[in-house]
Structures are given as structure tokens and as C-alpha cells.
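Below is one structure; the comments refer to it alone.
Each chain gets a letter, A, B and so on, in the order the sequences are listed, and its residues count up from 1.
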Protein chains: 2
Amino acid sequence: MLNEWDHQFIEKAFEEAKNSFNTGGLPIGAALANSNKLISTGHNQRVQAGDPIAHGEMDCLRKAGRQKTYRDMTLYTSLSPCMMCAGTIVQFKIPRVVINDTQNFGGNEKFLREHGVEIVDVAHPASIELMARFISENPSLWNEDIME
Amino acid sequence: MLNEWDHQFIEKAFEEAKNSFNTGGLPIGAALANSNKLISTGHNQRVQAGDPIAHGEMDCLRKAGRQKTYRDMTLYTSLSPCMMCAGTIVQFKIPRVVINDTQNFGGNEKFLREHGVEIVDVAHPASIELMARFISENPSLWNEDIME
């Protein structure tokens, strides 16, 4: 399921999550790549920029700028996409999403698959551990980010 | 279906659409209000900021900043929400969306209703006319914005 360059982009998404954690933000990062070419990376900006729509995936897609098509691209994310990000993946017609962590948050994989998106759940131990630690230490910030 | 202050916020969304049109962008605007209190307005920023995630609704929600809850709010939009914006409305638990134009674009009203969102379709003639004109004059930009 994983190809030779997936591993480095999985780590890029996790690096963005760590960067966000280290600057006081929600530790969720993403990377966008066209085959073996990295297009952009990004992380959650709720705390850093006060921006509620800048989840990791959204910040990454914003930084990729205007693209004519995403049909050959893969989106890597350190945490399973929320409904905003899942809707965006479908709207942008991104065909493949590699997810590091579906344990601390999840549920939209079915919606994505029903819309033809290939989902790869890699169960990345360090991503899962970092997110679990953040949720445990910052429950109110986490609940604000997912609107609970 | 429309209350006494809906009419002014419908016009705010349309004003944002006109502002975007007048600066060379996609003429799609939005407003967010808590009952009779305006929270924010915004418009599509694909052309102006090179930002593919900044549809009118998203730009408006970004400008509203961090909110603890949207449960008493209404989102007004000059054009029916795409799947990105519809997913965001569900994720943010916005209970009510007032739409000026479902004729030039639409289809996600069913998804929104299935997730408990009240949809009011006001069929605002000036919004419909402006959007139809833009699509006719700028088909490639419009197709890029909806990833067709």
C-alpha cells in the first residue's frame, strides 16, 4: 500500500505536527505531494494565527497555492481528517490520503472511501503518541478545534 | 423562513460578492451572524490572495476568528456551498445557512439537511445574475475554483 517515497512524506507531516506542538499549537501536520515531488507542507494554525479553518490539511493546501488539478497527488496527514478537511479532499478531487493516526480522531474514512478516495492508515506510533499526549494535556483546546 | 435581520445580512453577502467581482475575483461572498449581530464577512480569495481554500464562506469563517460555538449563528452565502464549505458547516455545527443562489451551483443542500442544517434558499435575483455573468465571461476561472 505504501510506495518508496510515502515514508519520507509521512515523516514530513509528522515534523509539521511536532513544529506546531513546539510553538504551542495543535500538533497536527500535513504534506501534499505529486508522486515523489513535495508540493507543500502545513500545520494547524488555530493557536498560532487564530485561524479556525487552518487545520493541518487546509494550511497545507493553502500553501500549495492555485493548482489546476490534484488528480495525481497524495495528501499526507498526521491525524484523520475532520468533516471540513474530508469535504475539501472530495471537492479538490484528491484521490489518495495517507493518515498517520486514526485512533485519537476518526470516522470520516467511510465518507472519503464512498467518494472514491483511497485511504491508507499507517498507524504511525510517534504521531499517535504525540496526539494522545496533547489531548490529555489540553482537552479544552482540542475540543475547541473539533467544535465539541 | 426569513426573519427581520436576515435581509440585511443577505445583502452583506451580496456586497462581498460584488466587492470580489470589482477586484477581479470570483464574485462569491458570505456573512456570519449571531441572531441580529454581524460577526464577520468575507469573499472568495482565489484570485486576490492565490488561496484555493478561501471560498467566500471559508474567508468569512476565518475572519470570525476563534469561536467557542456557532450553535446560535447563521451563515449567509451568495452561492450554494461546495463540498469543502458544506463539510465545514457540518464540522463547525452551524445550524442554519441562507443561500442567495442555488441555480448557478448547488447539490450539497441534501448533505447539509441530512446533517441537520436548516437551509433557506432565497433566490436573490442580483446574486444569480452576477454569478451567471461571471461564469459566462470566465469559464476557466470558475472551473478551476470548483476543481472541474
Answer with yes or no whether the hydrophobic clustering places [X] together with [Y]; edges join I, L, V, M, F, W, Y residues whose side-chain heavy atoms lie under 4.5 Å apart.
X         : Y         : value
Leu79(A)  : Leu2(A)   : no
Val90(A)  : Met58(A)  : yes
Val120(A) : Met73(A)  : no
Ile53(B)  : Val97(A)  : yes
Phe14(B)  : Ile128(B) : no

So, do Gln67(A) and Met147(B) sit near enough that their side-chain heavy atoms are less than 4.5 Å apart?
->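 Result no, sub-4.5 Å side-chain heavy-atom pair not found.
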Within-4.5 Å side-chain heavy-atom neighbours: Cys82(A) and Phe92(B) |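 No, every pair of side-chain atoms sits at 4.5 Å or beyond.
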Just give me the residue among Ala49(A), Gly50(A), Cys85(A) that pairs up with chain B most often, heavy atom to heavy atom, under 4.5 Å.
->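 The answer is Gly50(A).
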Please report the shortest heavy-atom distance between [X] and [Y], naming the atom on each side.
X        : Y        : result
Arg46(A) : Arg66(B) : O-CD, 3.5 Å
Arg62(A) : Arg62(B) : NH2-NH2, 2.8 Å
Gly65(A) : Pro52(B) : O-CG, 3.3 Å

Please confirm whether the backbone N or O of Ile146(A) pairs with a side-chain atom of Gln91(B), one donor and one acceptor, at under 3.5 Å?
->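 Judged by distance alone, yes, a pair lies under 3.5 Å.
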Just wondering, are more than 12 heavy atoms of other shown residues or ligands nearer than 6.0 Å to CD in Glu129(A)?
->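 No.
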Answer yes or no: are there more than 12 heavy-atom neighbours, outside Glu118(A) itself, under 6.0 Å from its atom CD?
->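 Yes.
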Show the numbers, then the answer: is there a side-chain contact (heavy atoms from CB on, under 4.5 Å) between Lys93(A) and Glu148(B)?
-> CA-CA 9 Å; Lys93(A) 300 180 178 169; Glu148(B) 286 296 334; 3.5 Å; yes
Return the option, out of Arg71(B), Met83(B), Lys68(B), His55(B), with the maximum number of heavy-atom pairs under 4.5 Å with chain A.
->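 Looking at each of Arg71(B), Met83(B), Lys68(B), His55(B) in turn, Met83(B) comes out on top.
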